[in-house]
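Chain A is the first sequence line, chain B the second, and so forth, proteins listed ahead of strands; every chain is numbered from 1.
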Protein chains: 2
Amino acid sequence: MILTVTLNTALDVTYRVRELTPHASHRVTEVTERPGGKGLNVARVLAALGHEATITGFAGGATGRELQERLADTTRVVDALVPIAGSTRRTVAVVDAQGDATQLNEPGPAITPAEWAAFQEAYEDLLGSASAVALCGSLPPGVPVGAYAGLIRTARSANVPVLLDTSGEPLRRGVAARPDLVKPNAEELAELTGSHEPSRATRDARRRGAHTVVASLGAEGLLAHTAEGHWRARPPRRVHGNPTGAGDSAVAGLLSGLVERLPWPERLARAVALSAATVLAPAAGEFDRRVYEELVEQVTVVGEATAA
Amino acid sequence: MILTVTLNTALDVTYRVRELTPHASHRVTEVTERPGGKGLNVARVLAALGHEATITGFAGGATGRELQERLADTTRVVDALVPIAGSTRRTVAVVDAQGDATQLNEPGPAITPAEWAAFQEAYEDLLGSASAVALCGSLPPGVPVGAYAGLIRTARSANVPVLLDTSGEPLRRGVAARPDLVKPNAEELAELTGSHEPSRATRDARRRGAHTVVASLGAEGLLAHTAEGHWRARPPRRVHGNPTGAGDSAVAGLLSGLVERLPWPERLARAVALSAATVLAPAAGEFDRRVYEELVEQVTVVGEATAA
């Protein structure tokens, strides 16, 4: 199975309103709730691609219970979340008639040292049956800022390829622990390296320790610097929709390509096509399969392999 | 005990943000959750005044479970909510640094005919030990618009004094069933009677069937037309704060005064002082006791008793 780690899971709530006006009262016409957090989105996309996925991280309180009840209905996704005393957070997206969203993100629950220790033990056990692991998203209060660096070292000791998708200081420290792959977006990459020139910044991120760097450049596709070569993958056309979860689908494409040992150009084409097909889907963790199958044949991948 | 009915209970959530900007992403700095719905606020104020209160209405789903867990901690308030298959709604108040609130109200769960029948049976049983009953707030989908009229007739058959605090068509139909007391605000009264002149509208509402009408005029206090006379009660000074729940506290003042058989001027003084002391409290269902005890002595009540 492929393991995804989401330390700051959330129940993602969407409220539909006609128009959001500060200081007014609004009738919410529709409420949808779904398990959220980047690693959960990655797992759902992996499952839709036919892979067995296991999710871990933390869940607690009434919201955690609701999140786990909803996860139980997802086929090919196994729930290995670690219980905590605090309550899992909710995120609320208030979507107006134009489809524009206003986001309200609750703070994560505080994780105790004992809960963090219990997680690390569960994680090490789960690595025993994992073919790859993805570490996704922000850290809740109480988890040390170097958490991902530690989890990367544990994965490397267990010989499990590890992908890191986070930002800020957790990314900086994680990269130094030499993960197999990092997937920053342009902003995260610039924050890490100080360079706004994607190709230079991607090379710099590799020098800082990441074995492979795949930068996601939004509608411009992906830029990959690996030991085997460097490539640029672009979607055939621009798609319009909701970009939430597009990055998580790219991670699922890269991870599934890794465990299937696809050549890099095919991995990148899959990741770009999944990303675009997610923009056209109603929610993160979903993708339009017809669009995906059409686009994956049309992604242009330009680059060169390093001479062996 | 005093029974309060809240057919559309809610879990009231407050999010604190620095400033609410449509289409932006916001970090919520503080989350508070409390059982909500007008009858629950009334019950909490009654309990603080030393009365035993029982609440009924509907609760279901993960949010209903959370609401009931929180209610269990409230002394002198007994939970007699009827279970439903649907999920209790949440209301979200997004409060900015200036203290201004943007309100997002989820729709209520759909009530099935079997659930409505189960409620009516539970209600009739509870009336057996009630000294008074308050019917509070809006109706959830699935409950017939004439619901309050039926509940008023049941209370009258059981010889239990009944207060109605709702709006729109449920108020119109409820008034026709001859409740002992209705407590509309100026807007609800104008909608019911077509008149924006409070004294005329209050008299008109009595002609439509209500035995007694107490109109709440916000910072201007209360206007009462009863079989025993008519009175105007005004707070000694204007208070500034959060008016949410002020009307519910007035209901608690009127109900407690009724079961204690206080003369009308004292009932009205209590209701006005509780209302003002709630404006100064952080949340609905609470009041500033020191302010209440100070104001209740200073409310001016002007009017005259009808010659016997």
Exercise for the section: Would you name the heavy atoms of A:N105 and B:S25 that are closest together and state the gap between them? Expected result: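 Scanning both residues completely, I find the closest heavy atoms to be ND2-OG, 3.5 Å.
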Practice task
State, with a plain yes or no, whether a side-chain heavy atom of B:T29 is found less than 4.5 Å away from one of A:P107.
Solution key: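 A side-chain contact under 4.5 Å is absent here.
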Problem - Any side-chain heavy-atom pair of B:H26 and A:L104 under 4.5 Å - result: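 B:H26 reaches A:L104 side chain to side chain.
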Problem - Most contacts with chain A, counted as non-hydrogen pairs under 4.5 angstrom, among B:R27, B:E66, B:H23, B:E19 - result: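 Sorted descending by pairs with chain A, the first entry is B:H23.
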Problem - Proximal component of B:T21, with respect to chain A [non-hydrogen, under 4.5 Å] - result: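 Looking at B:T21, just its backbone touches chain A.
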Handout entry: Residues A:R65, B:E69: salt bridge by 4.0 Å N-O rule
Key =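 The answer is yes: the pair qualifies as a salt bridge.
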Problem - Interface residues of residues 280-288 of chain A facing chain B - non-hydrogen atoms under 4.5 Å apart - result: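 Near chain B, by residue number: none.
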Handout entry: Contact origin within A:E106 toward chain B - heavy atom pairs under 4.5 Å
Key =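 Contact with chain B involves both backbone and side-chain atoms of A:E106.
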Problem - Close contacts, residues 93-101 of chain B versus chain A, judged by heavy atoms under 4.5 Å - result: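 From residues 93-101 of chain B, the residues near chain A are B:V94, B:D96, B:D100, B:A101.
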